[in-house]
There are 2 protein chains.
Amino acid sequence: MVSRRRPTMKDVAEHANVSISTVSYVLNDSGPVAAERRNRVLDAIRLLDYSPNESARSLKRRSASTVAMVVPDLTNQFFAMVAEGVHRAASAVDVLVVLVLPDATELPEESQAKLLRSQRVDGVIYLSGTGSMPAAIYDLARSGPVVLVDEQIPGRDLPAVVCDSRRGGREVAAHVLAQDHRRLAVVGGPPALWTAQQRLAGYREAFAGAGIDPDSVPVFAGDYRQESGYAAATEILSRPESERPTALLCANDLMAIGAMQCLRDNGLSVPGDMSVAGFDDQPISSMLTPALTSVRQPAYDMGHRAARVLFDLLEGREPDTTGPLPAEVRIRDSVGPPKEL
Amino acid sequence: MVSRRRPTMKDVAEHANVSISTVSYVLNDSGPVAAERRNRVLDAIRLLDYSPNESARSLKRRSASTVAMVVPDLTNQFFAMVAEGVHRAASAVDVLVVLVLPDATELPEESQAKLLRSQRVDGVIYLSGTGSMPAAIYDLARSGPVVLVDEQIPGRDLPAVVCDSRRGGREVAAHVLAQDHRRLAVVGGPPALWTAQQRLAGYREAFAGAGIDPDSVPVFAGDYRQESGYAAATEILSRPESERPTALLCANDLMAIGAMQCLRDNGLSVPGDMSVAGFDDQPISSMLTPALTSVRQPAYDMGHRAARVLFDLLEGREPDTTGPLPAEVRIRDSVGPPKEL
DNA sequence: TTGTATGCGTTATCAC
DNA sequence: GTGATAACGCATACAA
C-alpha cells in the first residue's frame with residue numbers, strides 16, 4: 001500500500017480544466033456553474049476518488065461538525081441506548097460523535113473543556129448519570145454549548161432533556177401500593193443526583209396519596225450500583241421479619257438486581273416473600289427471573305432529542321423545548337401481593 | 001454568552017512579545033527557547049485561556065488524531081466493553097474516538113470509507129460482530145489502516161485482534177461432556193462469521209475427543225440474536241422427549257438466554273431438564289437464574305489491544321502481533337448432569 | 001458565469 | 001536562539 005497523496009481540489013480542477021473555485025462551487029452549491037462544466041467536475045471527482053479534506057473545511061468554516069458525548073459507562077444499557085439516539089440524530093445531519101468516557105487519570109471536566117476549546121468538537125452532550133458532577137459543568141458550558149441528558153442543575157438553567165421521573169416514580173409506587181403493600185422501603189440513588197431526587201419525590205407522592213406518611217418509609221442510600229442494592233437488602237434482612245418491608249422500591253434496575261440477588265442468597269423468593277421494583281427498564285431486566293417490574297425511560301428518544309437541541313443551539317435556532325418525555329411503568333413479575341395476605 | 005473569538009497563536013505571541021514561531025516552539029518543544037521567554041509565553045497562554053486549534057493542526061500535520069470505531073450495536077455489552085478498551089487506549093495518547101454505528105439509511109462501508117478518505121479519522125477499528133461484512137472491508141482498508149476485532153477474513157490478512165474462540169468452544173463443550181451428557185445440540189451463529197465458525201469448530205473437537213461423532217450432533221443455525229435462540233429451542237422441543245438433547249451449546253449468550261426463556265415457557269427447568277451453555281459471558285449472564293455457564297472473552301483487552309495495533313500501524317511501527325487472547329470458561333449453574341442419571 | 005487572490009491557525013524551513 | 005514566511009486544502013469576496 002504505497003499510500004499516494006490524496007487528491008485535492010486543485011487536482012480536480014486541473015483534471016476538469018476549470019478553476020479551483022468552480023470545483024468549490026459544485027461541491028457546495030455555493031455558486032452558479034454551467035451544466036457542462038459541472039459534469040466535468042463531477043467526473044473528475046469520481047475519477048480521482050476525491051473527497052474534501054475535512055480538516056481544511058473545519059478550519060475555514062470554524063466548525064468541526066463534530067460533537068462530544070460524555071457518558072459515565074457504556075456497559076449500562078441505558079447509556080448505550082441514549083448514545084445510539086445521539087448517534088442517529090447526528091449522522092442524519094452528517095455530524096460526527098466522539099465518545100468521551102471518564103478517564104480515571106485526569107479531572108474529567110478539564111479534559112472535556114480542553115476538547116471544546118480546541119474546536120475539535122462544537123458542542124457537548126452530557127450524561128452525568130452516576131457520579132456527582134457539580135458546578136464544573138457550568139464552567140464547561142462557558143466554552144461552548146452543552147446539553148444535559150437525564151439531569152438538571154437546579155438554579156442554573158442549562159438546556160436539558162429529561163423524562164418525567166417523578167411521575168414514573170409515583171406510578172410504580174402506586175402500582176406496588178395497589179397490591180396492598182403497607183410496609184415499604186426505598187433504596188434510593190445518590191442524593192445529589194437529580195434523577196434520584198425526582199424518583200424519590202415521586203415515591204413519596206404516591207405514599208401520601210395512599211395515606212402513608214412518606215417520612216415513615218425508610219430510605220436506604222444507594223449509589224445506583226448493584227452492590228449497593230445488595231447491601232441495602234442485607235441491611236433490611238438483618239431486621240426481624242415482622243418489621244421488614246414487604247416491598248422494595250429501588251431507584252434503578254441495577255440496585256434492584258442486587259437486592260434480588262441478596263434475597264435469593266438468603267433463601268427468600270421474589271415476589272413471594274418480598275416484592276421488588278426497579279427503575280430504568282434495562283433490556284436485561286425483562287430477562288430476569290422473575291422479570292423485573294420497572295419504569296421505562298425512552299433512552300433512545302432522549303438521546304435523539306438532546307442531539308437535536310444541541311444542533312439547534314449550534315445553528316442559532318430556538319431549541320425545541322417541549323416538556324419532559326414520558327416514563328412508563330412496565331408491570332412484570334417481581335411485584336406481587338404481600339406475604340401476609 | 002457573547003462567544004468572543006477564541007485566541008490564536010498570534011494573540012499569544014503579541015501578549016508575550018515574541019514571534020509566532022516561538023509560541024509554536026514552546027507548544028511542541030520543537031525548538032530551543034530561552035527560559036525567560038518560555039515563561040512569558042506560558043503565562044500568556046494561561047492568561048488568554050488559549051488552546052490550539054486542532055483543525056489547523058490536523059491540516060498541517062495531515063493527521064486528525066482521531067480514529068473511528070465501528071460497532072454493530074452498543075447495547076450489546078460485549079461491544080460496549082470493547083469500545084471502552086479502545087477508548088482508554090486512545091485517550092492515553094490523546095486520540096479521539098468517533099463512534100460509527102450502522103445506519104440503516106445507507107451502505108455502511110461506503111460512509112465509513114468516505115470518513116476515512118475525508119481525513120477526519122486516521123484509521124478504523126472494525127467490529128463486525130454480527131452481520132455479514134464481506135470483502136467490502138477490504139475496500140475500506142485501501143483508504144487507510146483498518147484493524148478487525150473478534151473477526152478474521154480468511155485469505156486476506158488484515159490485522160486483527162481476536163481471542164481463542166476455538167479453544168473456548170472446545171473447553172465449554174468439554175465441561176458439558178464432563179457432566180456425562182451424550183446427546184447434545186448446538187445453536188450456532190451466522191455461518192459466515194469467523195467467530196461462529198471457530199466456536200463450532202471448538203465444540204466439534206471436544207465431541208471428537210469424547211468419542212462422539214461430531215457430525216451426529218445437530219446444529220441449529222442462529223443469528224446471534226435472542227429470538228433465534230428461542231426459535232431453535234422451540235424446534236428442539238417439538239421432538240419427542242426421548243430424542244431431545246440433554247444439553248444445548250449456544251454460540252453466544254443472547255441465544256442461550258432466548259433458549260432458556262423458551263424452556264421456561266414450556267415448563268422445563270434449567271439445568272434440571274436441560275443444560276444450557278453460552279458464549280461471551282456478558283455481564284448480565286451472571287445475573288440470570290440460573291446463572292449462565294459461558295465463555296469469557298477479554299472484551300476490554302481486545303479493544304485496548306486493537307487500538308494499540310492501529311496506532312502502531314499509523315506511526316509506521318511494527319504492530320504487536322502476539323497471538324490470540326485467552327477465552328476462559330466460566331462455570332455457573334446452567335449446566336448440570338443430564339436428567340436420566 | 002468564472003477565475004484570482006486572500007485568509008483560516010499551525011507547523012516547519014530557513015535565514016538572521 | 002529567534003523570527004519572517006511559505007505551505008496545508010478549502011471557501012469566498014471581488015474582479016473579470
Side-chain angles (χ1 to χ4, degrees), chain A residues 3-42 44-45 48-66 94 114 116-122, chain B residues 3-42 44-45 48-66 94 114 116-122:
Chain A
S3 177
R4 287 240 334 293
R5 190 179 62 79
R6 294 192 199 283
T8 72
M9 274 185 31
K10 191 166 165 226
D11 301 317
V12 175
E14 282 168 6
H15 260 76
N17 270 313
V18 298
S19 76
I20 290 190
S21 20
T22 304
V23 178
S24 180
Y25 292 153
V26 344
L27 246 45
N28 316 320
D29 280 332
S30 51
V33 35
E36 190 256 353
R37 297 166 69 81
R38 145 171 280 114
N39 284 332
R40 285 218 310 269
V41 171
L42 259 19
I45 289 179
L48 298 177
D49 194 29
Y50 165 81
S51 82
N53 180 320
E54 291 292 337
S55 299
R57 265 194 173 169
S58 304
L59 178 58
K60 194 70 198 156
R61 298 192 163 151
R62 299 147 170 292
S63 120
S65 295
T66 304
D94 217 47
K114 214 172 57 186
L116 253 179
R117 285 202 306 268
S118 74
Q119 301 171 55
R120 290 171 91 174
V121 304
D122 304 322
Chain B
S3 178
R4 288 240 333 295
R5 190 179 62 78
R6 294 193 199 284
T8 71
M9 274 184 31
K10 191 169 166 221
D11 301 316
V12 174
E14 282 168 6
H15 260 76
N17 269 313
V18 297
S19 75
I20 291 190
S21 354
T22 303
V23 177
S24 179
Y25 291 153
V26 345
L27 246 45
N28 314 319
D29 279 333
S30 50
V33 36
E36 189 257 352
R37 314 181 104 241
R38 145 171 280 115
N39 283 333
R40 287 218 310 271
V41 171
L42 259 19
I45 288 179
L48 298 177
D49 193 29
Y50 165 81
S51 82
N53 180 321
E54 292 292 338
S55 299
R57 271 198 168 165
S58 304
L59 178 57
K60 196 61 193 164
R61 297 189 162 154
R62 299 146 172 291
S63 119
S65 296
T66 304
D94 217 47
K114 215 172 58 187
L116 252 179
R117 284 200 307 267
S118 75
Q119 301 172 53
R120 292 172 88 173
V121 304
D122 304 323

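Throughout, a chain's letter reflects where its sequence line sits, starting with A, and its residues are numbered from 1.
- At the heavy-atom level, A:Met9 lies under 4.0 Å from the strands shown only through sugar-phosphate atoms.
- Taking every heavy atom of both residues into account, B:Arg120 and A:Thr66 meet most closely at NH2-OG1, 3.6 Å.
- The salt bridge (charged side-chain N to carboxylate O under 4.0 Å, His left out) pairs that include a residue from residues 10-21 of chain B are B:Arg5-B:Asp11, where partners are two or more places apart or lie in different chains.
- A heavy atom lying under 4.0 Å from DNA chain D marks the following residues of residues 49-63 of chain B, by number: B:Leu59, B:Lys60, B:Arg62.
- Every residue meeting the side-chain contact (heavy atoms from CB on, under 4.5 Å) condition with B:Ser55, not counting sequence neighbours, appears here in chain and number order: A:Ser58, A:Leu59, B:Asn53.
- Of all nucleotides in DNA chain C, those with any atom nearer than 4.0 Å to a heavy atom of chain B start and finish, going 5' to 3', at C:dG9 to C:dC14.
- Here the shortest heavy-atom pairing between B:His15 and B:Ala44 reads CB-CB, 3.9 Å.
- The distance from the CE atom of B:Met9 to the OG1 atom of B:Thr22 is 9.0 Å, given to the nearest 0.5 Å.
- Across all their heavy atoms, B:Arg6 and A:Arg117 have their closest contact at CD-O, 3.7 Å.
- Between B:Tyr50 and B:Thr8, the closest heavy-atom pair is CE1-C, 3.6 Å.
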Got a list of side-chain donor-acceptor pairs under 3.5 Å for residues 28-36 of chain A, not counting sequence neighbours?
residue : atom : partner : partner atom : Å
A:Asn28 : OD1  : A:Arg57 : NH2          : 3.0
A:Asn28 : ND2  : A:Ser24 : O            : 3.4
A:Glu36 : OE1  : A:Arg40 : NH1          : 3.1
A:Glu36 : OE2  : A:Arg40 : NH1          : 3.3

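- Nucleotides of DNA chain D that come within less than 4.0 Å of any heavy atom of chain B span, from the 5' end to the 3' end, D:dG1 to D:dG9.
- Taking five base pairs at each end of the helix from C:dT1-D:dA16 to C:dC16-D:dG1, the local helix axes there meet at an angle of 40°, rounded to 10°.
- To the nearest 0.5 Å, the span separating CG on A:Asp49 from NZ on B:Lys114 amounts to 12.5 Å.
- Near DNA chain C, meaning a heavy atom under 4.0 Å away, the residues from residues 20-33 of chain A are A:Ser21, A:Thr22, A:Tyr25, A:Pro32, A:Val33.
- Annotation for B:Val18 and B:Val41: closest pair CG2-CG2, 3.9 Å, computed over non-hydrogen atoms.
- Residues satisfying the salt bridge (charged side-chain N to carboxylate O under 4.0 Å, His left out) criterion with A:Arg37, sequence neighbours excluded, are absent altogether.
- Residues satisfying the side chain to side chain donor-acceptor pair (under 3.5 Å) criterion with B:Ser65, sequence neighbours excluded, are absent altogether.
- Taking both residues in full, the closest heavy atoms of A:Pro7 and A:Leu48 are given as CG-O, 3.4 Å, listed atom of the first, atom of the second, then distance.
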